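This is a predicted model, so every value here is computed, not measured. Below, all heavy atoms of this structure are taken into account, side chains as well, without hydrogens, waters or symmetry copies. Numbering of ligands and ligand atoms starts at 1, following listing order.
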Amino acid sequence: MADAVAATDPATHARAAGLDPARLPRHVALIMDGNGRWAKKRGWERFLGHRHGADTLRTITSECVHLGIARLTVYAFSSENWQRPAREVAYLMDLLAEFLRSEVPRMQENGVRLEAIGQLHRLPAHVRDALSDALRMTAANTGTVLTLALSYGGRDELVDACRAIAAQAARGEIDPAAIDAGSLRAALYTAHDVDVVIRTAGESRVSNFLPWQAAYAEFITCQPLWPDFTVADFLRCLVEYQGRERRFGLVAPG
Ligand code: FPP
């Protein structure tokens, strides 16, 4: 995170940005795309874009704290990302461990609670250690929850949930006929519905991110590459979100 968040109250801050504080999303999900292109444009190795992407993540997390947004979930490393060149994967893992170790003091200062979802057992030991320390140290914080999706794939999440429910059924703990949406939700990595998914770098794909939780989310695409994405861009996305009419499958009123 950047510095400790300024003292303006969240509603005043939201109004100053042209937002209705009563209709802010409770849960924002971010697909942080374009790091490679950002570095390539500068003639750098593509993975150097991830380091600048980590700075953007700090800034946007602080803005969520400032606005009083309850949850921010970010796609930091997908199941498919393991197939990237070994050097890029190693760089990302080291960056992640460094981020987890260096950000805890500011998370504490800003009341941010860290969570993580995904097949975390696939992460290397030094990342798992840094992650478990950061999770433990921020566990009592009551502000914005920052969830890192790591080694995350939406289909993997659904498969893992089905396996967990099937195992419960095999042990006789649940009647297959009684399985409903609530049973599946409870078996997911996270049960929290997403209000808006924001993807940078002009891409409009969902890319296997939170298929259950984002089933009724608004999807917003914006042009900046992730390392160039600013607080002003983020606020514009939230203004666009507030301009959408959310129907949840119902008919429009009037
Ligand atoms: C997509 O850009 C981004 C990723 C695969 C990783 C996202 C990671 C970060 C923003 C690093 C910071 C995160 C933490 C938690 C330290 P891309 O490489 O696919 O970009 P491209 O589409 O331009 O190639």
Checklist entry - Should the pair R42 and W38 be classed as cation-pi, given the thresholds of under 6.0 Å to the six-membered ring centre and 45° from the axis? => result yes
Checklist entry - Looking at atom 13 (C) of ligand 1, what's its closest protein heavy atom, distance included? => result L57 CD2, 4.1 Å
Item to check | Protein heavy atom at shortest distance from atom 10 (C) of ligand 1 | outcome: N35 ND2, 3.3 Å
Item to check | Region of R84 that comes within reach of ligand 1 [heavy atoms, distance under 4.0 Å] | outcome: side chain
Checklist outcome for this item: heavy-atom search around atom 24 (O) of ligand 1 in the protein gives R46 NH1, 2.9 Å
Checklist entry - Salt bridge check: are R236 and E240 linked by an N-O gap of less than 4.0 Å? => result no
Next on the checklist: Quick test: of every protein heavy atom, which one is nearest to atom 3 (C) of ligand 1, and how far off is it to 0.1 Å?
Outcome noted: M32 O, 3.1 Å
Item to check | Mode of F77 contact toward ligand 1 - side chain, backbone, both, neither (heavy atoms, under 4.0 Å) | outcome: neither
Next on the checklist: Any nitrogen or oxygen of W226 lying under 3.5 Å from a nitrogen or oxygen in ligand 1? Just yes or no.
Outcome noted: no
Checklist entry - Under 30°, 30 to 60°, or over 60°: which ring-plane class applies to Y75 and Y152, parallel, tilted or perpendicular? => result perpendicular
Checklist entry - Would a 4.5 Å heavy-atom cut-off, applied to side chains only, mark P224 and T230 as touching? => result no
Checklist entry - Which residue and non-hydrogen atom of the protein lie closest to atom 15 (C) of ligand 1, and at what distance in Å? => result L96 CD1, 3.5 Å
Checklist entry - Does ligand 1 have an atom under 4.0 Å from some heavy atom of K40? => result no
Checklist entry - Nearest protein heavy-atom contact for atom 11 (C) of ligand 1: which residue, which atom, what distance? => result H50 O, 3.5 Å
Checklist entry - Where's the contact between R51 and ligand 1, heavy-atom distance under 4.0 Å: side chain, backbone, both or neither? => result neither
Next on the checklist: Regarding K40 and E45, does a basic nitrogen lie under 4.0 Å from an acidic carboxylate oxygen?
Outcome noted: no
Checklist entry - For ligand 1, is E98 a contact, meaning one of its heavy atoms is under 4.0 Å away? => result no
Checklist entry - Under a 4.0 Å heavy-atom limit, does T56 contact ligand 1 with its side chain, its backbone, both, or neither? => result neither
